[in-house]
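In what follows, a single structure is set out as structure tokens and then discussed.
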Amino acid sequence: MNKYMKIENRKVGEDYPPLIIVEIGINHEGSLKVAFEMVDAAYESGAEIIKHQTHVVEDEMSKAAKRVIPGNTDVSIYDVMERCALNEEDEIKLKKYVESKGMIFISTPFSRAAADRLERIGVKAYKIGSGECNNYPLIEHIASFGKPIILSTGMNDIESIRKSVEIMEKHGVQYSLLHCTNLYPTPANLVRLGGMVELQKEFPNSIIGLSDHTINNNACLAASALGASILERHFTDSKDRPGPDIICSMDPKELKELIEGSKDIQKMRGGKKEPAKEEQITIDFAFATVVTTSKLKKGDVLTKENIWVKRPGTGEIKAAKYESLLGKSVNKDIENDEHLSWSDIEE
């Protein structure tokens with residue numbers, strides 16, 4: 001049994017199907033009605049966990065943010081978040097709606113006030129975004145709640161991540177580290193799954209995964225093969241929706257394919273290079289064993305002219321032992337095209 005973390009009753013680790021975090025984030029553009037529609041679509045596709053973003057704008061950003069324009073929009077980050085943030089009352093309604101469908105609700109707090117709100121409304125785990133990976137005061141605050149943390153690590157190196165890990169381990173919380181590239185969308189050459197493998201090596205106590213911003217499921221499926229236990233992608237019920245994250249969001253069809261595909265790939269991991277016992281039925285017809293190619297008399301010497309290897313693999317002497325038989329004698333008469341046994345060979 002490998003290590004795992006637990007979010008409510010869902011165990012997350014290499015021995016379990018990857019947990020697909022469905023991030024509606026701010027794709028609802030501030031509309032609770034649209035958020036509900038996205039939750040419905042995710043539920044119909046088999047989602048287990050919905051992730052929101054909790055923005056208390058005045059506690060999250062200074063007025064200087066009104067002059068900073070992200071790469072995936074043409075207005076300031078302050079304006080984006082002010083437009084898209086849900087108030088506490090609406091976020092409570094969203095949480096209750098998600099949970100009424102049997103799914104888990106988590107969210108990313110982008111400030112101390114946002115974390116305090118989520119603690120008040122009773123989330124079972126926290127997702128911390130890459131931008132807060134080196135925000136040690138906020139990580140300290142969230143870790144003090146004692147609940148599981150999923151930490152994205154984009155834009156950070158091993159040493160800056162190490163400080164965050166030390167904080168989480170000091171508080172004894174279960175945690176996961178997600179490799180991430182914070183470009184929207186992320187081109188394939190910048191996914192760098194080797195970074196995820198490096199996280200597993202450097203932080204063996206952590207559950208490892210990928211938070212992905214590419215435009216399809218390829219990166220997540222590849223990460224599954226490399227051992228990812230958590231896969232996160234933005235989600236929308238329709239790619240015709242407006243919003244800065246829609247371009248790198250999966251739709252219901254892609255979500256269903258990711259859930260099913262990653263589950264299959266998780267089953268494919270591990271093992272070692274040896275025959276599976278279930279392959280015996282194929283070995284029986286596919287392997288070659290040593291047969292006579294002419295009639296033999298007792299005492300005849302075995303040569304390349306009177307023995308060779310043929311299917312099926314039900315004979316006693318495998319093809320790999322063919323050379324070792326040459327020059328030996330048989331101890332009885334043997335018909336042509338018969339599979340040899342070790343008991344046929346003179347000691």
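Every heavy atom of this structure was used, including side-chain atoms; hydrogens, water molecules and symmetry mates were not.
Annotation: side chain to side chain contact (heavy atoms under 4.5 Å, CB included) contacts of Ala47 (sequence neighbours excluded): Val22, Ala42, Ile50, Met103, Leu255. Looking at residues two or more places apart in sequence or on another chain, you find a side chain to side chain contact (heavy atoms under 4.5 Å, CB included) between Gln266 and Pro18, Arg269. Shown here are the salt bridge (Lys or Arg N to Asp or Glu O under 4.0 Å) partners of Asp300, two or more places apart in sequence or in another chain: there are none. Qualifying salt bridge (Lys or Arg N to Asp or Glu O under 4.0 Å) partners for Lys3, counting only residues two or more places apart in sequence or in other chains: none. Judged as a side-chain hydrogen bond (donor to acceptor under 3.5 Å, both in side chains), and not counting sequence neighbours, the contacts of Arg192 are Thr181. Taking the side chain to side chain contact (heavy atoms under 4.5 Å, CB included) definition, one finds that Glu274 meets it with Lys272, sequence neighbours left out. The side chain to side chain contact (heavy atoms under 4.5 Å, CB included) check on Asp237 picks up Glu37, Met38, Ala41, Arg241, with sequence neighbours excluded. Contacts of Asn217 classified as side-chain hydrogen bond (donor to acceptor under 3.5 Å, both in side chains), with partners at least two apart in sequence or in another chain: Arg233. In this structure, the salt bridge (Lys or Arg N to Asp or Glu O under 4.0 Å) partners of Lys239, at least two apart in sequence or on a different chain, are Glu254. Residues meeting the side-chain hydrogen bond (donor to acceptor under 3.5 Å, both in side chains) test with Thr289, sequence neighbours left out: His339.
How far NZ of Lys96 is from CD1 of Ile121: 10.0 Å, rounded to the nearest 0.5 Å. Rounding to the nearest 0.5 Å gives a distance of 5.0 Å between CG of Leu19 and CZ of Arg10.
In summary, Arg83 and Glu29 engage in a salt bridge, as defined by a charged side-chain N under 4.0 Å from a carboxylate O. The pair Glu44-Lys256 does not count as a salt bridge, with every side-chain nitrogen at least 4.0 angstrom from each carboxylate oxygen. Ion pair Lys201/Glu198 not flagged as a salt bridge, since none of the NZ, NE, NH1 or NH2 atoms sits closer than 4.0 Å to an Asp/Glu carboxylate oxygen. A salt bridge links Asp344 to Lys332: one of the charged nitrogens lies within less than 4.0 Å of a carboxylate oxygen. Between Lys295 and Asp333 there is no salt bridge, since no side-chain nitrogen of the basic residue lies less than 4.0 Å from a carboxylate oxygen of the acidic one. Note on Glu88 versus Arg120: salt bridge recorded, some NZ/NE/NH1/NH2 to OD/OE distance being below 4.0 Å. At a threshold of 4.0 Å, the pair Glu166-Lys170 does not count as salt-bridged, since none of the basic side-chain nitrogens sits closer than that to a carboxylate oxygen.
Checked options Leu151, Val173, Ile149; the residue passing with Ile142 is Ile149 (criterion: side chain to side chain contact (heavy atoms under 4.5 Å, CB included)). Each of His55, Glu91, Lys95, Arg117 was scored for a side chain to side chain contact (heavy atoms under 4.5 Å, CB included) with Ser107, with one residue passing: Glu91.
Because its NZ or CZ atom is not both nearer than 6.0 Å to the ring centre of Tyr16 and within 45° of the ring axis, Lys11 does not count as a cation-pi partner of that residue.
No donor-acceptor distance shorter than 3.5 angstrom exists from the side chain of Tyr126 to the backbone of Phe145, with no hydrogens or angles considered. A donor-acceptor pair is defined here as one N or O able to donate and one able to accept, closer than 3.5 Å; no such pair exists between the side chain of Gln280 and the backbone of Lys277. Between the side chain of Asn27 and the backbone N or O of Gly243 there is no donor-acceptor pair closer than 3.5 Å.
If you check the side chains of Asn182 and Ser130, you find a donor sitting under 3.5 Å from an acceptor. Under 3.5 Å, the side chains of Asn156 and Thr153 contain no donor-acceptor pair of N or O atoms. For the residue pair Glu232/Ser211, the side-chain donor-acceptor check at 3.5 Å is satisfied. For Gln174 and Tyr4, the side-chain atoms include no donor-acceptor pair closer than 3.5 Å. Side chains of Asn2 and Asp15: a donor-acceptor N/O pair is present below 3.5 angstrom, by distance only.
Here the shortest heavy-atom pairing between Asn331 and Ile345 reads ND2-O, 3.7 Å. Nearest heavy atoms, Ile21 versus Ile230: CD1-CG2, 3.6 Å.
The shortest side-chain heavy-atom distance between Thr108 and Ile128 does not fall under the 4.5 Å cut-off. Within the 4.5 Å cutoff, the side chain of Phe203 has heavy atoms near those of the Ile158 side chain.
Pairs of residues two or more places apart, or lying in two chains, that qualify as ring pair (Phe, Tyr, Trp, His ring centres under 6.0 Å) and include a residue from residues 26-54 are His28-His52, Phe36-Tyr97. Applying the ring pair (Phe, Tyr, Trp, His ring centres under 6.0 Å) test to residues at least two apart or on different chains, the pairs with a partner in residues 157-185 are Tyr184-His213.
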**Message:** Let's go through Ile317 and Val309 carefully: what are the C-alpha distance in whole Å and the side-chain angles of both, what is the deciding distance for side chain to side chain contact (heavy atoms under 4.5 Å, CB included) to 0.1 Å, and is it a yes or a no?
**Reply:** CA-CA 9 Å; Ile317 305 178; Val309 292; over 6 Å; no

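Neither Leu210 nor Ile215 shares a network with the other; the hydrophobic side chains, linked directly or stepwise wherever heavy atoms of I, L, V, M, F, W or Y lie under 4.5 Å apart, form separate groups for each.
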